[in-house]
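Have a look at the structure below before the remarks.
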There are 2 protein chains.
Amino acid sequence: MAGLREKKKAETRTAITEAAVRLFAEKGYEKTSIEDIARAAGIGKATVYGYFPAKDDIFLAYCDDELEESFARLQAEEGGEETLLEQLINFFMIKFTFITKNREFGRQLLREMVFPRQVNEKAKEHDPRYFDILEEFFQAAQQRGEIAADQNMFYLSVHFFSLYLGALAGWYAGYVHSHQEVEDGLRILFTQALEGIAR
Amino acid sequence: MAGLREKKKAETRTAITEAAVRLFAEKGYEKTSIEDIARAAGIGKATVYGYFPAKDDIFLAYCDDELEESFARLQAEEGGEETLLEQLINFFMIKFTFITKNREFGRQLLREMVFPRQVNEKAKEHDPRYFDILEEFFQAAQQRGEIAADQNMFYLSVHFFSLYLGALAGWYAGYVHSHQEVEDGLRILFTQALEGIAR
DNA sequence: CCATAAACTCGAACGCGGTCGAGTTTTTTC
DNA sequence: GAAAAAACTCGACCGCGTTCGAGTTTATGG
């Protein structure tokens, strides 16, 4: 019964995202028009809108791939014997390096993730994955006695994530320029936080 | 000599911003077209681009007014006998209430201020004014003995500003919904930070 | 199977942000 | 005060994101 339709739909959707991923990487987001994508996917321009409500949403599909890659690298890291501070610096610097690999891409993605146009269900799947990694760090640090036992894991994650956001804001606003400056700044902020958390 | 030209130019510029402010407030940013603004200002559409390089820049001129108002309210507050924690909560909740007065306006402004398209000279005039207020709080708190003497005022400001950013992100991502929740969250995060900062 | 409904496709057109360039007004130069 | 230069204005146009609507394909039910 069904099937033929669904299969074709899935194929077309894939064709769109693949064409978009390729073109975005080649020419950049702004320089790639919907018509370019449609042509590359072998369909009409208007048909794209049957699959994605707006251009930004195609971009977000593209981001999913990229985020997946970053996430994999984050999990691979697993430095087990560093201090919590070093683990956190490491974690966020990987994220930072990834997101600022291309300034424009990072800016666009951050705008969409930090101040989304509407509450974003997709983000609510992503975020916990990062928070889980952070919470593992905290758990281990707690067992090593590096942080107090009564700390709320979730708010700890939020705390460091916020400081990371601040660093990104400083980067995009032009207050810090090199990766080293960002790392130094994060270290200062994290230490401020930790010296309280660790008493 | 000059004068006639300059005066006319200033008048036209004012006419544009005033028309824009009125129309943005009436119909919202997206729904207001450059042509609307031009017509309301009594000039041609293309002329607008002689005064502002892009639509967003007219929006930012509009924001200047709004930010000025918010800033005035912030300075008027001056609660002198509260604890640092309460002062900070107060300060950031005023900012939060202002910026989320209109969700769309706040989102757009935040995107532009936190992740600007290019390094923004205007922002570099604004930011220090807020940081100055914060540093006064810290100075006073230091004299009261609420925080350690060796803290770097600038990074303290950055720290709390970052936590505020985190709260905004939580709001726009839909993790917290009421002002009370935001305030509660800020209080937890600020306390985490302070208990370190205050030893 | 056929008839009817539902879903999908896409050329054409719309709206809007932004640019061009020719015409006009002001300033400068001598 | 005339001629050249510079600055300003705006109708016409371009490109692109998005929508419309008519035509086509697939699914459904008797």
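Below, read A as the first sequence line, B as the second, and so on, with proteins coming before strands; counting in each chain starts at 1. None of these values were measured; they are calculated from a predicted model.
- If you check C/dG18, D/dT18, C/dC8 against the side chain of B/A54, the one that comes closest is C/dG18.
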Set out, line by line, the N/O atom pairs under 3.5 Å between protein and nucleotides 10-13 of chain C.
from, atom 1, to, atom 2, distance (Å)
C/dC10, OP2, A/G44, N, 2.9
C/dC10, OP2, A/T47, OG1, 2.7

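- With B/F138 as the fixed residue, the ring pair (Phe, Tyr, Trp, His ring centres under 6.0 Å) test singles out one of B/Y155, B/F160, B/F131: B/F160.
- Looking only at distances, no side-chain donor or acceptor of B/E195 sits under 3.5 Å from a matching main-chain atom of B/T191.
- We find that CZ of A/F59 is positioned 14 Å from P of D/dG17, with the value rounded to whole Å.
- A/F71 has its ring centre less than 6.0 Å from the ring centre of A/Y130.
- When the C1' atom of D/dC8 is taken as reference, atom CZ of B/F52 falls 16 Å away, rounded to whole Å.
- In this structure, the CD atom of B/E35 is 11 Å from the P atom of C/dG15, given to the nearest Å.
- The aromatic rings of A/F115 and B/F115 lie tilted to each other, with the angle between the two planes from 30° to 60°.
- Atom pair A/I16:CD1 and C/dC8:P shows a separation of 12 Å (rounding to whole Å applied).
- Protein atom CD1 of B/I37 is 12 Å distant from nucleotide atom P of C/dC16, rounded to whole Å.
- Taking atom OH of residue B/Y49 and atom P of nucleotide C/dG18, one finds them 4 Å apart after rounding to whole Å.
- Annotation: proximity of residues 23-33 of chain B to DNA chain D (heavy atom, distance under 4.0 Å) is found for no residue.
- In this structure, the NZ atom of A/K55 is 8 Å from the C1' atom of D/dC16, given to the nearest Å.
- For B/F24, the ring-ring contact (aromatic ring centres under 6.0 Å, His included) partners are B/Y29, B/Y62, not counting sequence neighbours.
- A donor and an acceptor atom, one from each side chain of A/Y51 and A/D57, are nowhere located under 3.5 Å apart.
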Walk me through whether B/F92 and B/F190 qualify under ring pair (Phe, Tyr, Trp, His ring centres under 6.0 Å). CA-CA 11 Å; B/F92 284 108; B/F190 285 6; 5.7 Å; yes
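- When all heavy atoms are compared, the tightest approach of A/I16 to A/V48 is CD1-CA, 4.2 Å.
- Using a 4.0 Å heavy-atom distance criterion, B/A38 is classed as making no nucleic acid contact.
- At whole-Å resolution of the value, CG in A/D56 and P in D/dC16 are 16 Å apart.
- Side-chain contact check for A/E86 and A/N90: no donor-acceptor pair (N or O, by modelled atom type) lies under 3.5 Å.
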